[in-house]
Amino acid sequence: MRALKSGKSPTIFLDETSVFDIGACVVEGTDIAPGRAIPDDGDARIDHSLEGFLFTCGPDHIRHPQPIENDASGRNYPLHGSFSAHPAEILGWEASDDNARATARVPVTLADGGTALLEREWRINGATGEVSLQDRVTNTSDHARPVFHMYHMNVGARLFDDGVRLSGDMFEGGGFGWRFGEEPGGVFCVPVEQGADWAEMTLGPIAALGGRTLKVAFRSDTLPYLQMWRNQQAPAHVMGIEPVSHRWVDRAELEKTGEFHILQPGESRSYALRFSIL
């Protein structure tokens, strides 16, 4: 992995072996990623990705495995889609105290034999410490196909105390404590407000990080939902912040209700996310 940092930002370690996602994310000497405090879903790709701070789900599937349509052998789309474990070709890398930028392209082989291209740009504003990600996914197959996308941001909940809260307009009452749902974990998915270009939420203050708060923003037009997940079933101790393109329902229901986003050959769809820990 290669470290990228500028000014006030955390140090992010970009994984060129797996989609240029973030492995460790170090804030004042503390890695806020969960490491091995994660559930084992039986997929080595996802185990590797999940222990880092951010991995990308898609483009052919998100969430848990479901059958590939019209596949005679009965295969499934893999857990969280095909992105993970695809190596990145680094195109550019520059960093200073003021700004940093890293770019890459990732050719992707899909579970059903199709192909896609992920073009990825990381930027860091040294003055504000904000880290931003711009993604473009292109259908390089020879026929139309639906495209899905989810950013799976993972935070080690070992850092949390009872003062840590989720805050944002998408949450009931504007927010609540981080231990939502039934113990030892839970998941929910809510729509974000449409009309604004970006949706925003915060997690904090985190006393173990000197009272810092994690602020996350994401494009609401192509990522119109926010899924939240936590798992404290030992040995897991993790929270996921997951901007996502689709509701938390089966593929068949999404297709039935016309919610697939179809890309023709050569067409693209873009996504974006930014975060700071201040």
Novice: Is Glu94 salt-bridged to Arg123, going by a charged N under 4.0 Å from an acidic O?
Specialist: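 A salt bridge is absent here (no side-chain N lies under 4.0 Å from a carboxylate O).
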Novice: Can you see which heavy atom on Pro65 is nearest to which on Pro78, and at what distance?
Specialist: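 Nearest pair, atom of Pro65 first, then Pro78: CG-C, 4.3 Å.
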Novice: How many angstroms lie between CD1 in Ile277 and SG in Cys25, if you round to the nearest 0.5 Å?
Specialist: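 These two atoms lie 4.0 Å from each other.
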Novice: Does Asp250 use its side chain to pair, donor to acceptor, with the backbone of Glu253 at less than 3.5 Å?
Specialist: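 Flag not set: sc Asp250 to bb Glu253 has no pair under 3.5 Å.
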Novice: What residues form a side-chain hydrogen bond (donor to acceptor under 3.5 Å, both in side chains) with Asn139, not counting sequence neighbours?
Specialist: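 Here the qualifying residues are Ser141.
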Novice: Please list, chain by chain and in numerical order, all residues satisfying side-chain hydrogen bond (donor to acceptor under 3.5 Å, both in side chains) with Ser96, sequence neighbours excluded.
Specialist: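 Residues passing side-chain hydrogen bond (donor to acceptor under 3.5 Å, both in side chains) with Ser96: none at all.
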Novice: Judged by atom type as modelled, is there a donor-acceptor pair below 3.5 Å linking the side chain of Thr138 to the main-chain atoms of Ser268?
Specialist: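 Judged by distance alone, no pair lies under 3.5 Å.
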Novice: Quick one: side-chain hydrogen bond (donor to acceptor under 3.5 Å, both in side chains) partners of Ser9, sequence neighbours excluded?
Specialist: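 Once residues adjacent in sequence are excluded, Ser9 has no partner under the side-chain hydrogen bond (donor to acceptor under 3.5 Å, both in side chains) criterion.
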Novice: Could you pull out every donor-acceptor pair under 3.5 Å between side chains of residues 163-174 and any protein atom, sequence neighbours left out?
Specialist:
unit_1: Arg165; atom_1: NH2; unit_2: Gly175; atom_2: O; d: 3.1

Novice: Judged by atom type as modelled, is there a donor-acceptor pair below 3.5 Å linking the side chain of Lys5 to the main-chain atoms of Gly7?
Specialist: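 Between the backbone of Gly7 and the side chain of Lys5 there is a qualifying donor-acceptor contact (under 3.5 Å).
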Novice: Keeping the roles fixed (side chain from Arg230, backbone from Phe180), state whether a donor-acceptor pair exists under 3.5 Å.
Specialist: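 A pair under 3.5 Å: yes.
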Novice: Tell me, which pairs form a ring pair (Phe, Tyr, Trp, His ring centres under 6.0 Å) where one or both residues lie in residues 259-278, sequence neighbours left out?
Specialist: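 Residue pairs with at least one partner in residues 259-278: Phe53-Phe275, Phe148-Phe260, His149-Tyr271, His246-His261.
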Novice: Without placing hydrogens or testing angles, list every side-chain donor-acceptor pair under 3.5 Å for residues 187-214, not counting sequence neighbours.
Specialist:
unit_1: Gln194; atom_1: NE2; unit_2: Val192; atom_2: O; d: 3.3
unit_1: Gln194; atom_1: NE2; unit_2: Ser220; atom_2: O; d: 3.4
unit_1: Arg212; atom_1: NH1; unit_2: Leu209; atom_2: O; d: 2.7

Novice: Sort and list the pairs that fulfil side-chain hydrogen bond (donor to acceptor under 3.5 Å, both in side chains) and have at least one residue in residues 99-120, not counting sequence neighbours.
Specialist: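 Residue pairs with at least one partner in residues 99-120: Asp21-Arg120, Thr56-Arg120, Glu89-Arg105, Arg101-Glu121, Asp112-Arg145, Thr115-Thr140, Glu119-Arg136, Arg120-Asp135.
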Novice: Please name all residues satisfying salt bridge (charged side-chain N to carboxylate O under 4.0 Å, His left out) with Arg251, sequence neighbours left out, ordered by chain then number.
Specialist: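 Here the qualifying residues are Glu69.
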Novice: Got a sec, which pairs hit ring pair (Phe, Tyr, Trp, His ring centres under 6.0 Å) with one end in residues 207-230, sequence neighbours left out?
Specialist: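 Only His152-Trp229 qualify under ring pair (Phe, Tyr, Trp, His ring centres under 6.0 Å).
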Novice: Grab the two heavy atoms, one from Ala102 and one from Trp93, that are nearest each other, plus how far apart they are.
Specialist: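 Distance-wise, the nearest heavy atoms are CB-CE3, 3.6 Å.
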Novice: According to salt bridge (charged side-chain N to carboxylate O under 4.0 Å, His left out), who are the partners of Asp43, at least two apart in sequence or on a separate chain?
Specialist: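 For Asp43, the residues satisfying salt bridge (charged side-chain N to carboxylate O under 4.0 Å, His left out) (neighbours in sequence not counted) are Arg45.
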Novice: Holding to side-chain hydrogen bond (donor to acceptor under 3.5 Å, both in side chains), I want the full list of residues that pass it with Glu259, two or more places apart in sequence or in another chain.
Specialist: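 Testing Glu259 for side-chain hydrogen bond (donor to acceptor under 3.5 Å, both in side chains), a comparison that skips the adjacent residues, returns Arg247, Thr257.
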Novice: Show me the donor-acceptor pairs, under 3.5 Å and distance only, between side chains in residues 33-40 and residues at least two apart or in other chains.
Specialist:
unit_1: Arg36; atom_1: NH1; unit_2: Glu51; atom_2: OE1; d: 3.2
unit_1: Asp40; atom_1: OD1; unit_2: Gly42; atom_2: N; d: 2.8

Novice: Do Glu267 and Val147 have side chains that approach each other closer than 4.5 Å (heavy atoms only, starting at C-beta)?
Specialist: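 Sidechains of Val147 and Glu267: no contact.
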Novice: Between Asn125 (side chain only) and Gly129 (backbone N and O only), is there a donor and an acceptor less than 3.5 Å apart?
Specialist: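 Looks like no, no N/O pair under 3.5 Å.
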Novice: Are Gln66 and Asn76 linked by a side-chain donor-acceptor pair shorter than 3.5 Å?
Specialist: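 No, Asn76 and Gln66 have no side-chain donor paired with an acceptor closer than 3.5 Å.
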